[in-house]
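The structure appears below as structure tokens.
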Amino acid sequence: YSSGRGGLWGVTGRVQKWQTLQDPQNPVTEPYNRLPQLTGNYLRSNIGPLDFNAFGEFVAFDTDQSFLPTGRRGIVYPSLTMPLLRPGGFITPKIGYHYTAYNLDQLQDPLTPRTPDRGLPIASLDSGLFFERETKAFGRDFIQTLEPRAYYLYVPYRDQSRIPLFDSSIADFNYAQIFSENFYSGPDRISDANQLTLAVTSRLILPSNGQEILRGILGQRYYFEDQRVALTPTTPTREGATSPFIAGLYGRIAQNWTADATVQYAVRENTTEDGLQRANLGVRYSPELAKVLNASYRYTAPGV
């Protein structure tokens, strides 16, 4: 990595090969090897009111399984943001263009093109406000914050059914994911989107040292159009006009103890996805630096 008057840039390279333990009675498909993978990032801030960011990737996917396609993938993703920051809030519009090109081998489907590509613009608007007040709780003085946030994302539809799946899947739904640009993990699929995420965070902070004692979060995503980009031709697309609610509570319950709880709850009439979908409960004990003990419980509803 390097920084200077020309901006901040970094390059990463790796070679990744998997050895998968197999059950002959129930074999699984091995992940693709990356031989190699090269990624690069470039950030140039304060170009007038704008920040410029560029991401690039080249990766060669290989596998010993002859029934799977192999090939190389290249990505170029430049974007511009205009962060408008104030002590009481922020507004950050962003626009970028994501271009992906493939050179494929070992094709099993004669209808799959050898050199497919995909280009699409991605536009978003992130905004938030910060309120705070002095309050008392648990017999102590605190600063309480209220931080509403709104995030709008628009990505047009592009047909991606002829692009193979090298390292992409449906992303796990969580609080961070509702502010992401893609419904999927990995760039082989980029979901179309016309959606708005609304969320709010509230914290209790000690005014003496700024330590966060308690934090609560609540968020949900609202969809203005039906999803069209599916992971595979047989994978169902997202249902409903809203996502499940994500709610969480994080707190310091003693000097060396912290606890957290998150739930994912769907309110959808006449669907199988109604009700509690996921719940996580965790406790962490850290008596001193580099010593940590974690205990957690996770629940996932059938079919989720």
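The shown structure was predicted, so the numbers you read here are calculated from the model rather than taken from an experiment.
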Exercise: identify the closest heavy-atom pair between [X] and [Y]:
X    : Y    : answer
P302 : Y299 : CD-OH, 4.2 Å
A279 : V263 : CB-CG1, 4.1 Å
F52  : P78  : CE1-CB, 4.0 Å
P31  : T20  : CD-OG1, 3.7 Å
Q220 : P244 : CG-O, 4.0 Å
D51  : P83  : OD2-CG, 3.5 Å

Same hydrophobic cluster for [X] and [Y], using side-chain heavy-atom links shorter than 4.5 Å among ILVMFWY?
X    : Y    : answer
F55  : I190 : yes
Y152 : L120 : no
L43  : Y77  : no
F130 : L85  : yes
I163 : L68  : yes

Going by an N to O cut-off under 4.0 Å, is there a salt bridge joining [X] and [Y]?
X    : Y    : result
K17  : D62  : no
D172 : R278 : yes
D105 : R114 : yes
D141 : K136 : yes
K94  : E181 : yes
R203 : E147 : yes

Backbone N/O of [Y] and side chain of [X]: donor-acceptor pair under 3.5 Å:
X    : Y    : result
D64  : S66  : no
Q277 : T300 : no
N33  : L35  : no
Y184 : V229 : yes
R252 : Q255 : yes
S202 : G216 : no

Could you tell me whether [X] atom [atom1] has more than 12 heavy atoms of other residues or ligands within 6.0 Å of it?
X    : atom1 : value
R140 : CZ    : no
E134 : CD    : no
I91  : CD1   : no

State, yes or no, whether a side-chain contact exists between [X] and [Y] at a heavy-atom distance under 4.5 Å.
X    : Y    : result
F90  : D126 : yes
L104 : P69  : no
Y157 : R228 : yes
T12  : L38  : no
S124 : L153 : yes
Y223 : S243 : yes
D167 : P187 : yes
I95  : P121 : no

Check the pair I75, H98 against side-chain contact (heavy atoms from CB on, under 4.5 Å), reporting the backbone distance first and the verdict last.
CA-CA 7 Å; I75 296 174; H98 195 291; 3.7 Å; yes

Checking L249 against L214 for the side-chain contact (heavy atoms from CB on, under 4.5 Å) test, could you report, in this order, the C-alpha distance in whole Å, the side-chain angles of both residues, the deciding distance, and whether it holds?
CA-CA 7 Å; L249 193 63; L214 188 66; 4.0 Å; yes

Which label fits Y32 and F61: parallel for a plane angle under 30°, tilted from 30 to 60°, or perpendicular past 60°?
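Answer is perpendicular, since the angle exceeds 60°.
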
Is the cationic atom of R215 (NZ for Lys, CZ for Arg) positioned less than 6.0 Å from the six-membered ring centroid of Y250 and within 45 degrees of its normal?
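Satisfied, under 6.0 Å and within 45°.
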
Between [Y] and [X], do the side chains contain a donor N or O and an acceptor N or O under 3.5 Å apart?
X    : Y    : answer
Q177 : Y175 : no
N182 : S180 : no
Q65  : T29  : no
Y102 : D188 : yes
T81  : T92  : no
D117 : Y99  : yes

Hey, could you give me the [atom1]/[atom2] distance between [X] and [Y], rounded to the nearest 0.5 Å?
X    : Y    : atom1 : atom2 : result
L281 : Y297 : CG    : OH    : 8.0 Å
F131 : T145 : CZ    : OG1   : 11.0 Å
L50  : M82  : CG    : CE    : 6.5 Å
S169 : L231 : OG    : CG    : 7.0 Å
L218 : L198 : CG    : CG    : 10.0 Å
R189 : S185 : CZ    : OG    : 12.0 Å

In sequence, state the C-alpha distance, the side-chain angles, and the governing distance for V283 and T258, and then conclude on side-chain contact (heavy atoms from CB on, under 4.5 Å).
CA-CA 6 Å; V283 177; T258 57; over 6 Å; no

Pick one: which of Q16, R14, Q37, R72 meets side-chain contact (heavy atoms from CB on, under 4.5 Å) with V59?
Q37

What pairs with T197 under side chain to side chain contact (heavy atoms under 4.5 Å, CB included), at least two apart in sequence or on another chain?
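If we apply the side chain to side chain contact (heavy atoms under 4.5 Å, CB included) test to T197, skipping adjacent residues, the hits are Y151, I178, F179, R221.
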
Could you go through R118 and T100, starting from their C-alpha distance and side-chain angles, then the distance that decides it, and tell me whether this counts as side-chain hydrogen bond (donor to acceptor under 3.5 Å, both in side chains)?
CA-CA 5 Å; R118 176 199 58 209; T100 312; 2.9 Å; yes

Given E212 and L204, is the side-chain contact (heavy atoms from CB on, under 4.5 Å) satisfied, shown in steps?
CA-CA 6 Å; E212 180 183 281; L204 288 179; over 6 Å; no

So, for F245 and Y265, is the gap between ring centers shorter than 6.0 Å?
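Centroid separation for F245 and Y265: 6.0 Å or greater.
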
Full working for salt bridge (Lys or Arg N to Asp or Glu O under 4.0 Å) between R284 and D260:
CA-CA 9 Å; R284 173 172 174 166; D260 63 86; over 6 Å; no

Of all residues at least two apart in sequence or in a different chain, which pass the ring-ring contact (aromatic ring centres under 6.0 Å, His included) check with F183?
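Checked F183 against ring-ring contact (aromatic ring centres under 6.0 Å, His included); zero matches.
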
